[in-house]
Amino acid sequence: MKSYEITNMIIDDDFYGEESVTADFTHKDKQYSVTFNKSDLELVNSWVFEENRTIPANLPDVVIDSLREDIKRTI
């Protein structure tokens, strides 16, 4: 069973000349957003939403890799 649930996904085909995929998800009762390059699914950034602010997220590699696989299946 996955430790997260994707709640939204945006596939942007014109993000400053580079295509990207942003996935919003919940993990351990927190809201996160990660953005990958669409072409190779390399991580661009990751954020966690806490107490009315957004800060850089430090997610385990296993979660990032699992998200990549889910996104591959979707796109």
Side-chain angles (χ1 to χ4, degrees):
M1 184 167 169
K2 294 179 188 170
S3 64
Y4 63 87
E5 179 183 354
I6 295 176
T7 57
N8 190 38
M9 188 180 307
I10 300 169
I11 300 170
D12 191 345
D13 292 330
D14 192 32
F15 179 69
Y16 298 109
E18 293 184 25
E19 296 177 336
S20 64
V21 178
T22 300
D24 298 333
F25 63 98
T26 57
H27 174 63
K28 295 186 178 180
D29 297 323
K30 292 184 181 181
Q31 298 289 324
Y32 293 86
S33 181
V34 296
T35 301
F36 297 94
N37 283 326
K38 185 179 175 189
S39 62
D40 59 5
L41 295 180
E42 190 66 34
L43 184 65
V44 174
N45 60 44
S46 59
W47 301 98
V48 60
F49 303 99
E50 291 185 347
E51 301 174 13
N52 297 325
R53 62 189 178 136
T54 306
I55 57 175
N58 186 13
L59 291 162
D61 289 339
V62 67
V63 172
I64 297 296
D65 292 341
S66 184
L67 282 165
R68 277 191 186 105
E69 291 303 315
D70 284 347
I71 290 169
K72 275 185 198 177
R73 285 190 290 275
T74 302
I75 60 174

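Quick note: residue numbers are just sequence positions, from 1. Owing to the predicted nature of the structure, the values given are computational and were not obtained by experimental measurement.
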Donor-acceptor side-chain pairing of Thr22 and Thr35 below 3.5 angstrom: yes
Test item: side-chain donor near acceptor, Asp24 and Thr7, under 3.5 Å: no
Quick one: are [X] and [Y] in side-chain contact, heavy atoms under 4.5 Å?
X: Ile55; Y: Glu50; result: yes
X: Ser20; Y: Phe36; result: no
X: Asp65; Y: Glu69; result: no
X: Ser3; Y: His27; result: yes
X: Val34; Y: Leu59; result: yes
X: Val48; Y: Gln31; result: no

Side chain Asn37, main chain Ser39, donor-acceptor under 3.5 Å: no
Asp13/Lys38 salt bridge by N-O under 4.0 Å criterion: yes
Residues Lys2, Asp70; criterion side chain to side chain contact (heavy atoms under 4.5 Å, CB included); working and verdict: CA-CA 11 Å; Lys2 294 179 188 170; Asp70 284 347; 2.7 Å; yes
Steps toward side chain to side chain contact (heavy atoms under 4.5 Å, CB included) verdict (Ile75, Ile11): CA-CA 8 Å; Ile75 60 174; Ile11 300 170; 3.1 Å; yes
Worked check of side chain to side chain contact (heavy atoms under 4.5 Å, CB included) between Leu41 and Lys72: CA-CA 8 Å; Leu41 295 180; Lys72 275 185 198 177; 3.4 Å; yes
Hydrophobic cluster membership, Leu43 vs Ile6, 4.5 Å side-chain cutoff: yes
Common cluster, Trp47/Ile71, ILVMFWY with side-chain heavy-atom separation under 4.5 Å: no
Test log, rule side chain to side chain contact (heavy atoms under 4.5 Å, CB included), inputs Val21 and Asp12: CA-CA 6 Å; Val21 178; Asp12 191 345; over 6 Å; no
Interatomic distance, Ile10 atom CD1 to Ser33 atom OG [nearest 0.5 angstrom]: 7.5 Å
Partners passing ring pair (Phe, Tyr, Trp, His ring centres under 6.0 Å) against Phe25 (at least two apart in sequence or in another chain): Tyr4, Tyr32
Neighbour count >12 (heavy atoms, 6.0 Å) for atom CG, Asn8: yes
